[in-house]
J.: 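Encoded as C-alpha cells, here's the structure I'll be asking about.
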Amino acid sequence: DSGVTQTPKHLITATGQRVTLRCSPRSGDLSVYWYQQSLDQGLQFLIQYYNGEERAKGNILERFSAQQFPDLHSELNLSSLELGDSALYFCASTPTGKGETQYFGPGTRLLVL
Amino acid sequence: GENVEQHPSTLSVQEGDSAVIKCTYSDSASNYFPWYKQELGKRPQLIIDIRSNVGEKKDQRIAVTLNKTAKHFSLHITETQPEDSAVYFCAASINTGFQKLVFGTGTRLLVSP
C-alpha cells in the first residue's frame with residue numbers, strides 16, 4: 001500500500017457524461033500528479049499540482065480539468081466523455097514535486113459506453 | 001521535450017534466466033531514471049531508480065545501469081522467478097524545477113516455470 005488513495009475504484013458511464021475522480025495523497029505530500037493509461041498503453045502524464053497550484057501540464061485534453069484543494073486532495077474532472085476516454089487513471093504524490101519518487105495510487109478504472 | 005523509447009515490448013524467459021530491458025532517452029538534461037513494475041490491473045510500483053551521478057545501482061536480483069554519453073539505461077533482473085512476470089516501465093525526468101516523468105511504452109515480461 002503506497003498511502004495514496006483513489007476513489008472510486010471503478011466507474012461506468014455513458015458518452016457525453018461528466019465524471020469526477022478523487023485522489024488523496026500520502027500524508028505530508030504536497031504534490032499530486034495525474035496519469036492516464038489506456039488499454040495496453042503506457043502512462044501518459046496529464047497534470048501536476050503542488051500545494052493547490054498547477055505546476056506542470058502534459059497532454060491533457062481541454063475537456064479534462066483538475067484542481068487541488070486546501071486539504072491537498074485532488075480531483076480530476078472529465079467531461080463530454082468519449083469512448084476513447086476509457087482508461088485507468090492513476091494519481092501519484094510526492095513531498096515537494098521536485099525529483100522525488102512518485103508513489104502511485106490504486107487507480108480508477110473508467111469505462112465509457 | 002523528453003522522449004523515452006523502451007525495448008523489447010515483450011520478453012519471454014525461463015525461470016532462473018536473466019532478463020534485460022533497455023531504454024533510451026532524448027534529453028541530455030534528464031537526471032532521474034526510475035523503473036516501475038505493474039501487474040495486471042494494479043498500480044505501478046517503483047522497483048529501483050538511479051540518478052545521473054551514479055552509473056550502476058543494485059538491489060538484490062535487480063540492477064540498473066546508466067550510460068549518460070549514449071543516453072540509455074537498462075534494467076537487469078537475474079535469477080528470474082514466475083512472480084517477476086509483469087509489465088515494466090522505465091521513465092526519465094529532468095529535476096530542474098518541478099519534476100515531469102516521461103514513461104517508456106513498457107515491456108511485458110513473462111517468466112515460465
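The chains referred to below are lettered A, B, ... by the order of the sequence lines, with proteins before strands, and numbering in each begins at 1.
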J.: Report which part of B:Q38 has an atom under 4.5 Å of a heavy atom belonging to chain A: side chain, backbone, both, or neither.
T.: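 For B:Q38, the contact with chain A is made by the side chain alone.
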J.: Counting C-beta onward and ignoring hydrogens, is there a side-chain heavy-atom pair between B:K42 and A:P106 closer than 4.5 Å?
T.: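 No - every pair of side-chain heavy atoms lies 4.5 Å or more apart.
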J.: Shorter than 4.5 Å, heavy atoms on both sides: which option in A:F90, A:Y33, A:F45, A:Y103 has the most such pairs with chain B?
T.: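 Ranked by contacts with chain B, first place is A:F90.
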J.: Which bit of A:Q6 is near chain B, if near means a heavy-atom gap under 4.5 Å: side chain, backbone, both or neither?
T.: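 Interface part for A:Q6: neither.
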J.: To check you understand the geometry: which heavy-atom pair defines the closest contact between B:F89 and A:G42, and what is its length?
T.: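 The answer is CE2-CA, 3.6 Å.
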J.: What heavy-atom pair brings A:V4 and B:R43 nearest, and what distance separates the two atoms?
T.: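 Smallest interatomic distance, heavy atoms only, reads O-NH1, 4.1 Å.
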J.: Give, as side chain, backbone, both or neither, the part of A:S2 having an atom under 4.5 angstrom from any heavy atom of chain B.
T.: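 Contact with chain B involves both backbone and side-chain atoms of A:S2.
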J.: Measure B:P34 against the heavy atoms of chain A and call it side chain, backbone, both or neither at under 4.5 Å.
T.: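 Contact with chain A: none, neither part.
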J.: Just checking A:F104 against B:Y36, ring centres under 6.0 Å apart?
T.: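 Between A:F104 and B:Y36, the centre distance is under 6.0 Å.
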J.: Indicate yes or no: at least one non-hydrogen side-chain atom of A:Q37 is less than 4.5 angstrom from one of B:F103.
T.: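 A side-chain contact under 4.5 Å is absent here.
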J.: Considering non-hydrogen atoms only, spot the tightest contact between B:G41 and A:R109 and give its length.
T.: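 Where B:G41 meets A:R109 most closely, the heavy atoms are CA-NH2, 3.8 Å.
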J.: Using heavy-atom distances under 4.5 Å, tell me whether A:K57 contacts chain B through its side chain, its backbone, both, or neither.
T.: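 A:K57 touches chain B through backbone heavy atoms alone.
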